[in-house]
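Here's the structure, in structure tokens; my notes come after.
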Amino acid sequence: MGRRKITDEKTVKQIRGPGRKAKKQGEPTFPKELIQTKSTEKKKVSSRGKQRARKRLQKEELKQTIKKKTKLKTTTKRQSDDDDEEEQINGYTDENQQWLKPKKKKELFDNNGTEEEPMDDDVPLNDEFNEMESTSEEEEDDEENDEPKLDIEKQSKKLREKQRQVKERSEQELLTNIQQQEKVQFPSGQEITKEVPQADLQLLMHRIREVINVLNDFKNKREINRSRKEYIDLLKQDLCNYYSYNDFLMNKIIELFPLAEIIDFLEANEVQRPVTIRTNTLKTRRRDLAQALINRGVNVDPLDKWTKVGLVIYNSQVPIGATPEYLSGHYMIQGASSFLPVMALAPQPNERILDMCAAPGGKTTYIGSLMRNSGILVANDANKDRAKAIIGNTHRLGLTNTIVTNLDGRHFSEHMGGFDRCLVDAPCSGTGVIAKDPAVKNCKDEKDIQRCFTAQRQLLLNAIDSINESSITGGYIVYSTCSILTEENEAVIQYALNNRPVKLVETGLEFGVEGFTNFKGTSFHPLMKYCRRYYPHLHNLDGFFVAKLKKYSIKQGHKKESETTQKKTDQITDD
Ligand SMILES: C[S@@+](CC[C@H](N)C(=O)[O-])C[C@H]1O[C@@H](n2cnc3c(N)ncnc32)[C@H](O)[C@@H]1O
């Protein structure tokens, strides 16, 4: 049973005194010291005591003035500096001081790069500043003098100091390592192996960079008994191992690019080019297409200022090759570099145009849209199955001016001729599209390239033969490849210049690297500079080559240079 709670005021019995069971407490006792202070406060001071106190005060004052004077002598300069500083600081309002202080500390952090800014929003601003202030080493020392440190603070200070020392030591070590490795270590014959363990790749890259460094300043940086060839051989071998190329192709790449560009080119081949699409202006406008795709969750942007029909796709929630817009032919999925030969061809409405190597029809459909479905477009491919793809694409994109043929382009002019323009997008080694097809790195050799350039020469000569040199609007041939090799590009053009009545004209393409007029001791026609080369590392495009030729009649001979400039009408209009 519990005790009953008494709630009624009237029934409450007034309890007075300590109660029956309570022990009576005695007088409270206090520690001596407390009693003393208390007692001095209360104690009456006698007149003698007062005198003694006055004397003590005077003595104390005298001591202070002497101290001040000596301090004044020794620290006059420092004090004047302090005064200046004080004046400066006093120049700011209190508010400004608050703003300026944290800024100073922030700079300090940036330099150290070790401190993190407080993330907690609840931390009051002033505390934040205090925290920042305490990070300064100088002030830390001051604090140490002023207040005794807690154990944990002392420990953390020790830890910080230890960390600083470790960091310093490891930085020193790294420096020594690099200095040690600055001299290129030539491997023995056995050490040069095809298979390099992953862990060694970093070392390999370091040596690659070092060799390039030596080759760039060979006279001063080489080892005395080493020849340039030795360094080049080592570089080639290391690059082959690092990037998995065969010797043949790596040789070609080293010949093509300045030392400073080789790694950039190889690295760019390890990365896919952006996914791009071309608007089919026969069916839609780029803006409308972009809007339609955005509505479907496709992240698109205009490709670049040099094209009015290209869009770049960053990412998509739907398969780009299966949207209703794709199926109804509003766009073609096409690498940006594929736009360039067609832009150079500059097809005009009502012309007769031949696309000699057309499958699967990416460029054919672009040509057709620029012709606005007028004139006649012949799309040929020697491969029957691939030729079927041209039919599919021309249907999808709504081309109505196109005839698809399945002939060997090397003999095409025996079947048809009289074209105003012709595109020869020749079969090639694919050395410009390694990112798309990495197998190219290892499977090409001298014979493959020979096979390619033989076919390319035959195709180009036959394309020239199928052109009407008296065409009022045209008489042009555009030759393109997705190869970077001169054998398949400048050398093929040179062969055509030597064997047919054609001359090089400007492509009209506003960017790209000039074609070679000289390569490894071989001279090409000076106007080879009109050709355009595109590289993944420079243009973020597939490697590509574009040349434009104009056929002249043998009776006419070469036209004057001024006439090589394209007519105003010979410009492409994208939309
Ligand atoms: C680079 S692809 C053409 C790509 C095409 N222009 C496009 O943009 O879609 C080269 C094409 O040439 C074709 N080809 C190869 N040898 C040929 C020949 N002797 N005559 C005609 N076409 C040939 C191949 O079948 C291949 O489709």
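In listed order, ligands and their atoms are each counted from 1.
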Taking distance alone, with no angle check, do Pro427 and ligand 1 share an N/O pair under 3.5 Å? no
We want to know whether Gln494 and His525 form a side-chain donor-acceptor pair, criterion being a heavy-atom distance below 3.5 angstrom. no
How are the rings of Phe412 and Phe419 set to each other: parallel, tilted or perpendicular (split at 30° and 60°)? tilted
For residues 375-392, which residue pairs qualify under side-chain hydrogen bond (donor to acceptor under 3.5 Å, both in side chains), counting only residues two or more places apart or in two chains? Asn380-Thr405
OH of Tyr479 to CE of Met356: how many Å apart, nearest 0.5 Å? 12.0 Å
Under 3.5 Å, N or O to N or O, is Asp355 touching ligand 1 that way? no
Any N or O of Asp425 closer than 3.5 Å to N or O of ligand 1: yes
Quick look: Arg386 vs ligand 1, heavy-atom contacts under 4.0 Å, and the answer is side chain
How close do Glu487 and Phe453 get, heavy atom to heavy atom, and via which atoms? O-CB, 3.4 Å
So for Pro360, does at least one of its heavy atoms come nearer than 4.0 angstrom to any atom of ligand 1? yes
Identity and distance of the protein heavy atom lying nearest atom 19 (N) of ligand 1: Asp408 OD1, 2.9 Å
If you count the atoms of ligand 1 from 1 in the order shown, which ones are under 4.0 Å from a heavy atom of Asn383? 25 (O)
Contact check: Ala382 vs ligand 1, nitrogen or oxygen atoms, below 3.5 angstrom: yes
Determine, for Asp445 against Lys447, whether the closest basic-nitrogen to carboxylate-oxygen distance falls under 4.0 angstrom. no
Gly362 heavy atoms, cut-off 4.0 Å: which ligand 1 atoms fall inside? 7 (C), 8 (O), 9 (O)
Tell me, please: is Gln334 in heavy-atom contact with ligand 1, that is, under 4.0 Å? no
Evaluate Leu459 for polar contact with ligand 1, using N/O atom pairs at a separation under 3.5 Å. no
Heavy-atom distances under 4.0 Å are what count here, so tell me which part of Leu407 touches ligand 1: side chain, backbone, both or neither. backbone
By side-chain hydrogen bond (donor to acceptor under 3.5 Å, both in side chains), which residues pair with Arg285, not counting sequence neighbours? Asp288
Which label fits His537 and Tyr535: parallel for a plane angle under 30°, tilted from 30 to 60°, or perpendicular past 60°? tilted
Looking at Tyr495, is Arg457 sitting on its ring face, NZ or CZ under 6.0 Å from the six-membered ring centre and within 45 degrees of the normal? yes
Can you tell me the protein heavy atom closest to atom 8 (O) of ligand 1 and the distance? Lys363 NZ, 2.9 Å
Given that the side chain starts at C-beta and the backbone is N, CA, C, O, which of these parts of Cys428 lies under 4.0 Å from ligand 1, counting heavy atoms, or is it both or neither? neither
Does the cation-pi check pass for Arg396 over Tyr326, that is, NZ or CZ under 6.0 Å from the six-membered ring centre and within 45° of its axis? yes
Minimum distance, heavy atoms only, to atom 2 (S) of ligand 1: which one of Gly335, Ala389, Gly361, Ala359 is it? Ala359
How far is atom 20 (N) of ligand 1 from its nearest protein heavy atom, and which residue and atom is that? Gly409 N, 2.8 Å
Distance from atom 25 (O) of ligand 1 to nearest protein heavy atom, with residue and atom: Asp381 OD1, 2.6 Å
If you measure only the distance, is there a donor-acceptor pair under 3.5 Å linking the side chains of Thr394 and Thr402? no
